[in-house]
Asks: 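One structure follows; several queries about it will come next.
Since we're looking at a predicted model, the values are computed, not measured.
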Amino acid sequence: MANEERISWWRKHEGLLRKLFVLFLGQAVSLTMALMAFSSSYLADLGVDAPLTQSFFSYVSLAAVYGSIMLFRRKKLLVPWYYYIGLGFVDVQGNYLVNTAFQYSSITSVTLLDCFTIPWVIVLTWIFIGTRYSIWQYVGSAACILGLGLVFLSDAGIDDGSAGTKPLLGDVLVVAGTLFYAFSNVGEEYCVKKKDLVEVVTMLSTFGTLVSIIEMTRALKQSLFTILQIIGFVGYAVSSFLFYTLAPFMLKLSGATLFNLSTLTSDMWAVVIRIFFYHQTVDWLYYLSFAIVVVGLIIYSQTEKDPAPTTSIEDENHTNGDYQALPEEIPAPRDENVAA
């Protein structure tokens with residue numbers, strides 16, 4: 001009887017629990033983004049100007065882990081490989097531009113201007129995926145951007161050199177990078193909702209590694225690093241690994257727009273880092289901004305339609321009819337199921 005009551009309670013509150021989980025997952029992704037930003041800012045403070053090298057280590061770790069899973073599955077690709085070349089290219093360019101911006105702007109400015117990904121994503125999902133948004137979703141998006149606009153005003157009023165050496169150049173680089181991020185987010189959203197999450201991360205990281213290697217051979221300026229610099233690279237690799245692991249899962253549950261709205265609170269995490277690591281004061285407008293962003297997220301999540309129910313990765317392996325078995329697996333379906 002108790003089990004039936006628990007099942008009944010779960011079904012009754014399933015929609016609410018799902019939204020709370022998505023919001024929580026969004027803040028976990030937001031924290032990993034803040035750690036990535038901190039690692040990039042820390043490396044810039046140490047005099048390291050190697051944005052492609054930062055991305056290279058994260059792509060390699062992702063390709064090693066998820067590539068091993070793909071090889072164990074022995075499944076053919078569900079999306080043509082050449083599509084992933086484009087996805088990997090835009091992702092590398094986005095990381096390159098944003099990581100370079102830390103050479104010229106502060107951590108709070110860079111994380112703030114990441115919000116420009118949102119209007120790009122809204123336009124791209126409307127054009128390429130056919131997503132339609134309600135008026136309240138626009139209101140929620142506008143509230144988030146307005147809240148971060150207050151952060152910008154607060155940051156602009158600081159004249160102690162903490163804004164960076166060339167803040168305008170850094171701002172332009174971030175805005176340009178957000179366009180590439182938008183293409184990457186929308187492409188990932190389409191793939192993880194239509195195809196397989198592990199395949200997307202594997203192929204994105206694989207081609208991201210190749211693109212990074214090609215560009216590194218032309219742009220690498222430093223070959224030897226100190227212990228502290230290596231720690232910075234490791235921190236970036238670990239945080240980006242977590243980001244690329246969690247981000248596609250959240251895109252599968254929600255969508256690119258709510259994903260980017262949730263990660264706007266990475267500005268607040270950046271503020272915490274700025275206070276406790278850089279020992280810099282934070283204006284009261286930052287806290288007002290956080291409250292407005294939370295309101296915007298609530299408005300958006302309350303009006304967003306629940307996506308189609310999703311299954312775990314392991315369940316998809318057994319039920320997804322789009323998979324094509326390799327030739328040697330055809331006569332032994334039972335072995336195929338075990339391998340999956």
Side-chain angles (χ1 to χ4, degrees), residues 28-46 48-70 84-103 107 110-111 114 117 173-174 177-178 180-185 187-188 191-192 197-217 219-223 225 227-251 259-260 263 266 269-270 273:
V29 174
S30 178
L31 177 59
T32 63
M33 289 182 63
L35 293 175
M36 291 170 63
F38 170 65
S39 300
S40 296
S41 177
Y42 179 67
L43 287 171
D45 287 344
L46 293 175
V48 177
D49 185 9
L52 289 171
T53 305
Q54 290 178 235
S55 300
F56 171 76
F57 288 125
S58 62
Y59 288 133
V60 167
S61 60
L62 287 164
V65 173
Y66 288 94
S68 299
I69 298 175
M70 282 286 292
Y84 289 114
I85 295 180
L87 192 60
F89 175 80
V90 296
D91 198 72
V92 170
Q93 306 317 308
N95 284 327
Y96 171 77
L97 291 171
V98 173
N99 288 335
T100 301
F102 284 99
Q103 300 293 326
I107 182 174
V110 174
T111 54
D114 266 346
T117 304
L173 290 174
V174 177
T178 57
F180 287 102
Y181 278 158
F183 275 106
S184 177
N185 289 349
E188 287 183 52
C191 289
V192 299
L197 187 149
V198 173
E199 176 184 309
V200 173
V201 177
T202 299
M203 300 306 294
L204 172 63
S205 58
T206 298
F207 285 107
T209 300
L210 296 177
V211 173
S212 297
I213 291 175
I214 294 173
E215 296 187 2
M216 282 171 57
T217 57
L220 187 62
K221 301 178 182 179
Q222 185 173 348
S223 56
F225 301 102
I227 297 297
L228 290 178
Q229 292 170 345
I230 293 175
I231 292 175
F233 281 116
V234 172
Y236 184 86
V238 172
S239 57
S240 61
F241 180 90
L242 294 174
F243 172 78
Y244 281 99
T245 298
L246 296 175
F249 184 57
M250 184 177 178
L251 287 169
F259 167 84
N260 285 287
T263 55
S266 61
W269 293 114
I273 293 172

Asks: Report yes if some heavy atom in the side chain of Phe241 is under 4.5 Å from a heavy atom in the side chain of Phe57; otherwise report no.
Replies: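 No, their side chains stay 4.5 Å or more apart.
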Asks: Can you tell me if Tyr244 and Thr32 form a side-chain donor-acceptor pair at under 3.5 Å?
Replies: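 Thr32 and Tyr244 do not have a side-chain donor-acceptor pair below 3.5 Å.
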Asks: Could you tell me if the side chain of Tyr59 sits less than 4.5 Å from the side chain of Asn95, heavy atoms only?
Replies: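 Yes, side chains in contact.
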Asks: Would you give the length of the straight line joining atom CD1 of Ile213 to atom OG1 of Thr53, rounded to the nearest 0.5 angstrom?
Replies: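 Here the rounded value is 11.0 Å.
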Asks: Please report the interatomic distance CD1(Ile273) to OH(Tyr42), rounded to the nearest 0.5 Å.
Replies: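 Ile273 CD1 to Tyr42 OH: 13.0 Å, rounded to 0.5 Å.
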Asks: Measure across Thr100 and Pro51 and return the closest heavy-atom pair with its distance rounded to 0.1 Å.
Replies: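 What the structure gives for the nearest pair is OG1-CG, 3.3 Å.
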Asks: What's the spacing between Leu43 CG and Phe102 CZ if we round to 0.5 Å?
Replies: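 So the CG of Leu43 and the CZ of Phe102 are separated by 10.0 Å.
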Asks: Considering non-hydrogen atoms only, spot the tightest contact between Gln103 and Val48 and give its length.
Replies: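 For Gln103 versus Val48, the nearest heavy atoms are NE2-O, 2.7 Å.
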Asks: Could you go step by step and tell me if Tyr66 and Thr245 meet the side-chain contact (heavy atoms from CB on, under 4.5 Å) rule?
Replies: CA-CA 9 Å; Tyr66 288 94; Thr245 298; 2.8 Å; yes
Asks: Can you tell me how far apart OG (Ser39) and CD1 (Ile107) are? Round to the nearest 0.5 Å.
Replies: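 Between atom OG of Ser39 and atom CD1 of Ile107 there are 8.5 Å.
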Asks: Do Val98 and Val110 have side-chain heavy atoms sitting under 4.5 Å apart?
Replies: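 Touching, per the 4.5 Å side-chain cut-off.
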Asks: Quick one: are Ser61 and Val65 in side-chain contact, heavy atoms under 4.5 Å?
Replies: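 No. Closest side-chain heavy atoms not under 4.5 Å.
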Asks: What pair of heavy atoms forms the shortest contact from Gly208 to Ser212, and how long is it?
Replies: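 So the two residues come closest at O-OG, 2.8 Å.
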Asks: To the nearest 0.5 Å, how far apart are CZ in Phe249 and CG in Leu197?
Replies: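 Those atoms lie 8.0 Å apart.
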Asks: Between Leu97 and Thr178, is any pair of side-chain heavy atoms under 4.5 Å apart?
Replies: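 A side-chain contact is absent here, since even the closest heavy-atom pair is not under 4.5 Å.
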Asks: Would you find a donor on one side and an acceptor on the other, under 3.5 Å apart, between the side chain of Ser266 and the backbone of Ser30?
Replies: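 No.
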Asks: May I ask you to test the Phe56-Thr209 pair for a side-chain heavy-atom distance under 4.5 Å?
Replies: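 Yes. Closest side-chain heavy atoms under 4.5 Å.
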Asks: Can you measure from OH (Tyr236) to CG (Leu35) and round to the nearest 0.5 angstrom?
Replies: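 Going from OH on Tyr236 over to CG on Leu35, the span is 12.0 Å.
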Asks: Please report the shortest heavy-atom distance between Ala101 and Val174, naming the atom on each side.
Replies: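 What the structure gives for the nearest pair is CB-CG2, 3.4 Å.
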Asks: Minimum heavy-atom separation for Leu204 and Gly88, please, with both atom names.
Replies: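 Looks like CD1-CA, 3.7 Å.
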Asks: Quick check: do Tyr84 and Glu199 have side-chain heavy atoms less than 4.5 Å from each other?
Replies: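 Yes, side chains in contact.
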Asks: Between Leu52 and Asn99, is any pair of side-chain heavy atoms under 4.5 Å apart?
Replies: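 No, side chains not in contact.
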Asks: Quick check: does any side chain N or O of Gln54 sit under 3.5 Å from a backbone N or O of Asp49, one acting as donor and the other as acceptor?
Replies: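 No: the side chain of Gln54 does not pair with the backbone of Asp49.
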Asks: Would you name the heavy atoms of Ala270 and Thr111 that are closest together and state the gap between them?
Replies: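 Distance-wise, the nearest heavy atoms are CB-OG1, 3.7 Å.
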Asks: Would you say Thr206's side chain and Thr202's backbone share a donor-acceptor pair under 3.5 angstrom?
Replies: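 Checking the backbone N and O of Thr202 against the side chain of Thr206, a donor-acceptor pair under 3.5 Å is found.
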